Amino acid sequence: MAQKTPEIYSVELSGTEDVGKTDTGDGKEKYRGLKDKRLELKKNHQKEELKKEVDLEDHKLSIKELERKYGTNIVTGLSSTQAAELLARNGPNALTPPKETPEIVKFLKQMVGGFSILLWIGAILCWIAYGIQYFNDKSSSLDSVYLGCVLALVVILTGIFAYYQEAKSTNIMASFSKMIPQQALVIRDSEKKTIPADIRLLSTQGCKVDNSSLTGESEPQSRSCEFTHDNPLETKNIGFYSTTCLEGTATGMVINTGDRTIIGQIASLASGVGHEKTPIAIEIEHFVHIVAGVAVSIGILFFIIAVSMKYYVLDSIIFLIGIIVANVPEGLLATVTVTLSLTAKRMAKKNCLVKNLEAVETLGSTSIICSDKTGTLTQNRMTVAHLWFDNQIFVADTSEDHSNQVFDQSSGTWASLSKIITLCNRAEFRPGQESVPIMKKVVVGDASETALLKFSEVILGDVMEIRKRNRKVAEIPFNSTNKFQLSIHETDDPSDKRFLMVMKGAPERVLEKCSTIMVNGQEQPLDDSTAEAFHTAYMELGGLGERVLGFCHLYLPADKFPETYSFDVDTVNFPTSNLCFVGLLSMIDPPRSTVPDAVTKCRSAGIKVIMVTGDHPITAKAIAKSVGIISANSETVEDIAKRLNIPVEQVSKRDAKAAVVTGMELKDMSPEQLDELLTDYSEIVFARTSPQQKLIIVEGCQRQDAVVAVTGDGVNDSPALKKADIGIAMGIAGSDAAKNAADMVLLDDNFASIVTGVEEGRLIFDNLKKTIAYTLTKNIAELCPFLIYIIAGLPLPIGTITILFIDLGTDIIPSIALAYEKAESDIMNRKPRHKKKDRLVNAPLAIYSYLHIGLMQALGAFVVYFTVYAQEGFRPSALINLRVEWEKDSVNDLEDSYGQEWTQYQRKYLEWTGYTAFFVGIMIQQIADLIIRKTRRNSIFQQGLFRNKVIWVGIASQIIIALILSYGLGSVSALNFTMLRPQYWFVAVPHAILIWVYDEVRKLFIRLYPGSWWDKNMYY
Amino acid sequence: MCGGRGSRAGPLPGAGIGTLARPLKRLQRKVSGGCGGGSSRGLLSHHPAGDSTSGLVVEGRERGLILLFYLVFYGFLAALFSFTMWAMLQTLNDEVPKYRDQIPSPGLMVFPKPVTALDYSFRVSDPESYRGYVDDLTKFLKSYDLEEQKNLTACPDGALREQKGPTYTACQFPVVSLKGCSGVEDPEFGYSTGNPCILVKMNRIIGLKPQGKPRINCISKGEKTATLSTYPSNGTIDLKYFPYYGKKLHVRYLQPLVAVQVAFNTTSTGKEVTVECKIDGSPNLRNQDDRDKFLGRVVFKITMHA
């Protein structure tokens, strides 16, 4: 932070009072320009700045120094003129929304992206050709103008379609793109307040803030006026913009506003982190390059051949256009978009909302997931995990519904303990939730008390009723100096006139106050051995990363404390020592029950799961172990050292598979050391990390050529989310900034949903391969006619318009249908694809499509073509080198093989019949192509011919469109289709069957001889 | 056809013939079984990267296998294509095409054969300017020579001449009926005298039987700048020339011709005329089609310079 904001005014924050409006509001717009300039300056340093720790000095200054620095007075504040001046200088207290790409730019991008450029060139060449023709002969036909228009139309329509698809998916997310609202959030009976700016606290009263959106720590943090830590994020005397004040009141001085607040910096810097191209975008670009390269080089080659064969340059240009059109799969990019959006829809059903369509596949190629802990891996609520009483540790059920509490509840100790848990608790269910399951009920109270309330409600039934029967007569609430909470109740036993005092708190503090301990319902003196047992249990539970509470009680003797006794909590006119210790209870934010399974799946899918959390290393490690991020049999260096009882330095690093790294350690690491860490350990947990470090970790992973997915919910996560190959924000807990920066939103905040997403992503990659292979195949069948036409001088077998009808007509639905294909084998059992090695379009795919199936198709289509010509009178031998005569307008008595004479139009009509025949030939063989593309490795019969019904819809659509074109629109001469004799539809069928058989043989050999040259060259 | 292209483009970058030859021979022994799948066991065990010589051998073998595969594959495709084409040709009849639906009605064509558009232009004073036309007509009428026609049948006029075969005879066409355009009296076909001749013929269509009395009717379009005379008189096409039985059966068939001779009016200033000839008098011969400008009609222009 180079620029310090000298703006200051006093703001009072309180749990109950309204927050004064912090912005004077006038002159907001006028001074935008000024602010923008500053932002630009800042942008240059963004990345460097991001990685640095937040640099803020104000927390170290005394109040006097602060006053001097900001030229203000903490009592009177700024004068209104001063305030206006500062507002003018610094702009309003609001975050600048991220810059949006203008719609028109997005639209134009679609118009020139991909193959569009090639087609535009084709269209322009058409018009140029017509221009030259027109210049030479005013009566020249408008054919090339039409063709140019059709090409332009194709580009524009596919562009509009792609734009529409994009816009649709962006709109879904529009609701999420609002910036952090600057208003009080009323959440409960006691209100939560959003802190309106970064403030240096001047006076506080029991103030607690929730910094989770900034640091990821879910626990409320207490705030005071003292400077407690060098790091501004850790110190207690700073309150941050957009964090919430949970309880207490505080007054502070505003030190930063708007974009200059810590959160503002992070949010605006996040938009500056370059978004890498998605892997699928790279793949598609690669594919476009291949196809465009083939198209242009064949086009130019044949242009040269044509010119050297003494064709007119004009004709050669027309050939060039034909070759380009034949080579470019016009419909493919639109198909890919549709396919991706279909998958996106499917993922949305599984709670993965995809913002950026291309991210659908990115998830599939993910090789490292950097996951948050809180809320993603865990349930994001404290839950009772263990109990210790009667010298025994009991395990409580921490699954989502708590239904299965199996620990021994017969002991008398449990009866006492449960009573303390129930009574010594201020949390209450919010009324009016009778029909809601217990675990889902909204509770008023802090996390631990909520956990205890729900725990007791599940086991004991109506807690509120029990509390009513044991009326509370006095209470000392929890505070940080006492570290305990105490309440005194009447008992529900009418014969027992004693008061029951119950206490819970930090175990060591509670134990100090006890002289006896309850074992099996009997009070026993607290001796050294029981104290030892207590400590062992306490350490063990603490070592599990759990928060431990101690519980004790005391029945106040009825003689000293009669029913009418008046308890005074201020003077404490009752004993608070020599109580009876009853038990320990430990709580944790437990892992979601679906997570361990999901982590196992990730592992078998070759995906490394790294936990990155702001939490304590012990807790982080415990959760990592329980969900399998650190597997049961792997140890960290520290574990080994402990087991062998040797110093950490002596442990060979190779023995450890797992590592727990804290933010402090990470801070001292060089990038090389981080790389080493990331490669050496397969199971890594980063604890106590700052948002900046999350970014460093992501970059480290990306240096390993990994495709990195990052989950996050806080504003602080947004730079990492943006930097990641795929940023995944939490839909429930996530902040808007995080959702903005992410490519995908998990609607249920559940890690397991990522795994289903990965599965879909991998499937779509496989299926896109099939779609592309299917689409590329017919390009050869479309291209060969032009080549043969140029070289052998046959009448043109297929026209450019007809090709467009295949590419954008019959082939569209089938290629989309392949997106519905089921996986051939368990795609979650193979490694993620290497983004540089496993290409979407690889050499075998191109060669097999072009030179095997494509060629067979071309031959099949030529058979149909030759058949039509031969049966009408032109035998194949007569066709060779007939082109010049055939196309001459003035030749109206061209003799066929039988001595008959044809006028130019009669020939033209026969040529169109030839187009139709060739078209039908390709269409019929594309049906076979579609069926063989269902699988790449398995036999069609293994995959099931009828499992994917959409394929059959595709086949039906192909046939119906072809029938309509031939029989319905056969009379529209501009389309160049004619009514084809029914028998010609079947001429290519043997070739289609041959394609199927050939592909089955290919797959059979691939299955029989894995790793063979056949496998290497024929498996795509 | 495409096969040739494909084999060139096969994935064999930089594999010299010499380096391939040896492993290929060895391979042929091994792969005799089929497409080569069976040979994988011996050949494709992966060698450690350090063993460069055997690695090269394996690579060479693989390239050889691939080359062999493409030879076999494309050979097979070529054979298959040849076979299907052969099978398709078997369905054809040598004498008559299987379908004649695309030429139901004949087109009209003129001689001399126009070079680009149907536009004849010459200078009476310059024989070179019409030499091409005269040569073309002479050449065309060569088959109508009396000498050539002497073996043909003299058929009775006015009726269709249906034949049952096995041999089909052609009728004589008395070239003299073309009068001044026959080339007999005037080897220059009137071009030297400023009365150029244009021959009009009807396209041959197998089995076509004109109904009624077909004739070629020629008119000059626009201003009456010239008078047209048609030979034979009235432009009649005799039915005896129909039906046509095809090149193979109906050897030496001569199609009937009609000549148009143009005589420019001496008064007219422009020596230019546009002539339209149409088939008339036969209900089954169409002469009006929006798209086909030559179906039963033909339009040509004659420009004569002094």
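Nothing here was measured: the structure is a model prediction, and the numbers come from that model. Labels below follow one simple rule: chain letters A, B, ... track the order of the sequence lines, proteins then strands, and each chain is numbered from 1.
Contacts of A:R907 with chain B are absent, with no heavy-atom separation under 4.5 Å from either backbone or side chain. Heavy atoms of B:F300 lying under 4.5 Å from chain A are absent altogether. In this structure, chain B has a heavy atom under 4.5 Å from the side chain of A:Y998, while its backbone stays farther away. In this structure, chain A has a heavy atom under 4.5 Å from the side chain of B:F76, while its backbone stays farther away. For A:L1008, no part sits under 4.5 Å from any heavy atom of chain B, backbone or side chain. Only the side chain of B:Q255 comes within contact range of chain A, judged by heavy atoms closer than 4.5 Å. Only the side chain of A:T913 comes within contact range of chain B, with heavy atoms under 4.5 Å apart. Neither the backbone nor the side chain of B:L208 comes within less than 4.5 Å of any heavy atom in chain A. Using a 4.5 Å cut-off between heavy atoms, B:L249 does not touch chain A at all. At a 4.5 Å heavy-atom cutoff, the contact between A:E895 and chain B is made by side-chain atoms alone. For B:N93, the part lying under 4.5 angstrom from a heavy atom of chain A is the backbone only.
Proximity to chain B at a heavy-atom threshold of 4.5 Å picks out A:H991, A:L994 from residues 986-994 of chain A, in numerical order. Using non-hydrogen atoms only and a strict 4.5 Å limit, the part of residues 284-294 of chain B facing chain A consists of B:R291, B:D292, B:F294.
Aromatic ring orientation, A:W1014 versus A:F1005: perpendicular (interplanar angle above 60°, classes split at 30° and 60°). Ring planes of B:Y70 and B:F73: perpendicular class, angle over 60° (limits at 30 and 60°).
Using a distance-only test at 3.5 Å, with no hydrogens or angles considered, no donor-acceptor pair links the side chain of B:Y241 to the main chain of B:Y244. Between the side chain of A:R875 and the backbone N or O of B:L89, no donor-acceptor pair lies under 3.5 Å. The backbone N or O of A:T978 lies less than 3.5 Å from a partner atom in the side chain of A:S966, making a donor-acceptor pair. In terms of modelled atom types and a separation under 3.5 Å, the side chain of A:T903 and the main chain of B:L295 share no donor-acceptor contact.
Relative to the six-membered ring of B:Y253, B:R204 misses at least one condition, a distance below 6.0 Å or an angle of at most 45° to the axis.
Highest contact tally toward chain A, considering only B:I205, B:L92, B:L108, is held by B:L92 [criterion: heavy-atom pairs under 4.5 Å].
Around OH of B:Y99, the count of heavy atoms belonging to other residues, nucleotides or ligands within 6.0 Å exceeds 12.
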